[in-house]
Amino acid sequence: MRILLIEDDGAAAQMLVQGLGEAGHGVDVAATGRAGLELAEAVAFDAIVLDRMLPDGDGLTVLTDLRARGDTVPVLMLSALGEVDQRVEGLQGGADDYLAKPFAFRELLARLDAVARRRDPTPPEAVLRLADLEINLITRTVTRQGHEIALQPREFRLLEFLVRRAGQVVTRSMLLEGVWQYRFAPETKVIDVQVSRLRQKIDRDFQPPLIHTIRGIGYRAGVLA
Amino acid sequence: MSWLSSFRTTTFRMVALAAGVFAVLGLALIMVLSFLLETVADQRFDRVAATSAQAVLSAQERGGFNALRAAVADRAARTSPSLRLYLLEDPSGTVVAGNLPTWPRGLEHQAGNVTIAVDQDGILVARVSTIPVAGGGFLLVGTPIPERQRIMNLEIEALAVMAGLMALIGTAAGLVIAKRVLGRLDVVNRTASTILAGNLAQRVPVSGRGDEFDSLAANINIMLDRIEGLLATVHSVTHNIAHDLRAPLNRLRGRLELALMTQRSPDDYQQALAAAIAEADEIINTFNAMLAIARLEGGASGARVDPVDVSELVECLADLYQPLAEENDLTLAVEVLAGQWIRGDRHLLSQALSNLVDNAIKYSPPGGRLHLGVERLGDWVRLSVKDDGPGIAADQREAVLQPFVRLDPARSTPGSGLGLSLVAAVAEFHNARLTLADNQPGLVVFIDCPVSSAPR
């Protein structure tokens, strides 16, 4: 993907450029909101990473300017202001996601991936498929190799969330947010236990495994190549 | 020293004020007194004049103006002008009889009684009555009052002496008052100086008289108690922050150093780095919790107050924690009264409850029972988290709400020691009552929130 990074902190920008580059993305950097808006007009980026605090004003203004001229490029906002109000402001201002500093770099990658894909309109489906797994969203049943697997409602929602993002890394906090609408980090391994329960039912009696742990980051649904 | 100079100027001001007030009061006293004396004397003279005038005017009634003139002339001839003054003018304004050569200068031709300076024949001051004569002309009857001049001179002397005396007394009184008042202020000042010099245990002595100075001293002492308490808290929190952050930073450093010590396989490096990241995350979490507590205690900018269905919230949290509880061989029972709403921030409430459930799971031995509840107590909604673990001793329940306080001195269980502080801050933010109690055995935590109606 080609990504525009609007960030005035040189050290932070350098780190992000290196990380995003190693993840296979092309990165352009703008140190001010104005430079960012000019670049965004000239180049069709796949996503923009926008810092909230910029030398020439609030990143939120850059976002509203961008949306005002009809640009629908996915935007992930970064901010040290992690409190709920700022988050809501950002999302209402047209951001696709909001990430509070300090963040784990893989969290940024996973969320960037997610907002960029959200752009492709996926038609509403009745059935989600992943390899030999079928999720019927109408009857809320799950089958694998034709065998029905009994899931509890929360397990169903968890599986749906993962399969909808098959091939993408989904972090624990994305799961907490997406499935339970929580925005905090529990001290215990609640999410890991939830996923391992689900995995027991989906993967124990079948091959190949469909839910994979990405150490230190989260999970990915899919068939390993 | 500045308090000394202010002591001096304040003394000066108080003394000057007292002296001034006394002097003015003394002068006013003399003036009022002399005014009263003069009025009484004048009234007597006026009565005498009226009687005399009546006597001569009765002659007119009998024999006309000429009889009046004769009567006045008769009286004037028999009376020395130093005892009584008579004067009669005819309608044309010519003096026709009397023991005064002319109508006194400045005396108006109209009925009335006045004190005037006559300045004729050695008579200086006189009280005169002017009486219009029927058919024209004026009759003047007066009494010379040479003593009035002497009295006035005396009064001026008395005024000067009195002013001096009063100023003196005022100064003395002012000095006494200033010494007493400022002497007690001085005690407060000296205490303040000692405290500024570093001795925070010092207190302002209370005299026991129960006056304004005592209540000032008492208030200052209460203030000092507060400050001392806050400083002690800041001190211990700073100490704990330093300790709690140094430990994970040391572990992080150790891990990284160890990883660098010998050549390792990429897999080992990855493992070491992942462990380092986990360690760093723990530090970040501690900072985030500190920030969240500070924000909440500082008025919670950024937190939202919306209607929150706590019944749904607790059900949802139970749903999230159920597998983890089972994994730890614990039963998690949920007893929720449906449809209970409060006003607050859903995320903060979830965070607080999740901290409590995290703790309950962490400290419960296998086979334990956890209980999450929502019930209604009048105007309050009670959220409860119970376990049957080791519990918290009654005398420790206050302390564990303080930041970084952990009952395990070795701090071997994971966690920042901020979990319960955050719960306390969140409860405070929601105007909720937080109670830690004995579950016999185990711990029960109640969060009682003011109830709110469901949104339409």
Side-chain angles (χ1 to χ4, degrees), chain A residues 19 52 79-92 98-107 151-158 171-173 175-201 213-218, chain B residues 270-271 273-278 280-289 291-292 295-296 300-306 312-313 315-328 345-355 357-362 413-416 418-419 422 426:
Chain A
R52 179 79 193 260
S79 168
L81 314 164
E83 293 301 302
V84 180
D85 254 6
Q86 277 90 24
R87 189 185 186 97
V88 170
E89 265 175 32
L91 294 179
Q92 282 173 349
Y98 198 102
L99 195 53
K101 293 178 177 177
F103 51 84
F105 183 71
R106 293 304 300 258
E107 184 81 39
L151 292 183
Q152 294 189 0
R154 63 161 180 276
E155 291 168 337
F156 187 90
R157 290 202 307 273
L158 191 56
T171 66
R172 290 183 182 83
S173 65
L175 281 176
L176 257 178
E177 251 183 81
V179 182
W180 283 275
Q181 284 83 48
Y182 284 144
R183 224 176 283 126
F184 59 85
E187 285 188 0
T188 42
K189 300 197 168 297
V190 263
I191 289 298
D192 298 331
V193 177
Q194 291 273 6
V195 175
S196 82
R197 284 284 170 108
L198 177 65
R199 182 186 278 151
Q200 286 249 320
K201 295 188 175 176
T213 303
I214 313 296
R215 199 168 59 200
I217 304 148
Chain B
Q270 274 185 5
Q271 212 153 23
L273 286 176
I277 286 174
D281 282 346
E282 197 187 309
I283 299 169
I284 289 169
N285 281 342
T286 303
F287 270 112
N288 284 343
L291 211 62
R295 284 229 172 101
L296 280 173
S301 65
R304 294 164 67 86
V305 177
D306 295 315
E312 183 264 342
L313 187 142
E315 295 268 19
C316 183
L317 200 76
D319 178 70
L320 175 65
Y321 275 92
Q322 197 73 54
L324 183 68
E326 285 166 20
E327 206 77 2
N328 285 270
D345 183 306
R346 185 187 140 84
H347 297 286
L348 288 173
L349 285 166
S350 309
Q351 170 87 72
L353 286 171
S354 125
N355 283 3
V357 179
D358 274 340
N359 274 349
I361 290 177
K362 229 161 29 184
T413 41
S416 60
L418 288 170
L422 188 65
V426 169

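Since this is a predicted model, take the numbers as computed values, not measurements. Residue numbers begin at 1 in each chain, while the letters A, B, ... track the order of the sequences.
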**Study point:** Any side-chain donor near an acceptor of the partner, B:S354 and B:Y321, under 3.5 Å
**Key:** yes
Check your understanding: For A:L176, is it the side chain, the backbone, both or neither that has a heavy atom under 4.5 Å from a heavy atom of chain B?
Key -> side chain
Review point. Does any heavy atom of chain B fall under 4.5 Å from the side chain of A:Q181, the backbone, both, or neither of them?
Key: both
Review point. Of all of B:A278, B:S350, B:A274, which one pairs up most often with chain A through heavy atoms under 4.5 Å apart?
Key: B:S350
Check your understanding: Looking at B:I361, B:D281, B:L317, which one has more heavy-atom pairs under 4.5 Å with chain A than the rest?
Key -> B:L317
**Study point:** Residue B:E326 versus chain A: region with a heavy atom under 4.5 Å
**Key:** both
Exercise for review: Heavy-atom distances under 4.5 Å only: say whether B:I284 touches chain A with side chain, backbone, both or neither.
Suggested key: side chain
Point to revise | Student check: side-chain heavy atoms of A:D192 and A:R172 closer than 4.5 Å | key: yes
Under a 4.0 Å threshold between the charged nitrogen and the carboxylate oxygen, would [Y] count as salt-bridged to [X]?
X      : Y      : answer
A:E155 : A:K201 : yes
B:E327 : A:K189 : no
B:R346 : B:E312 : yes

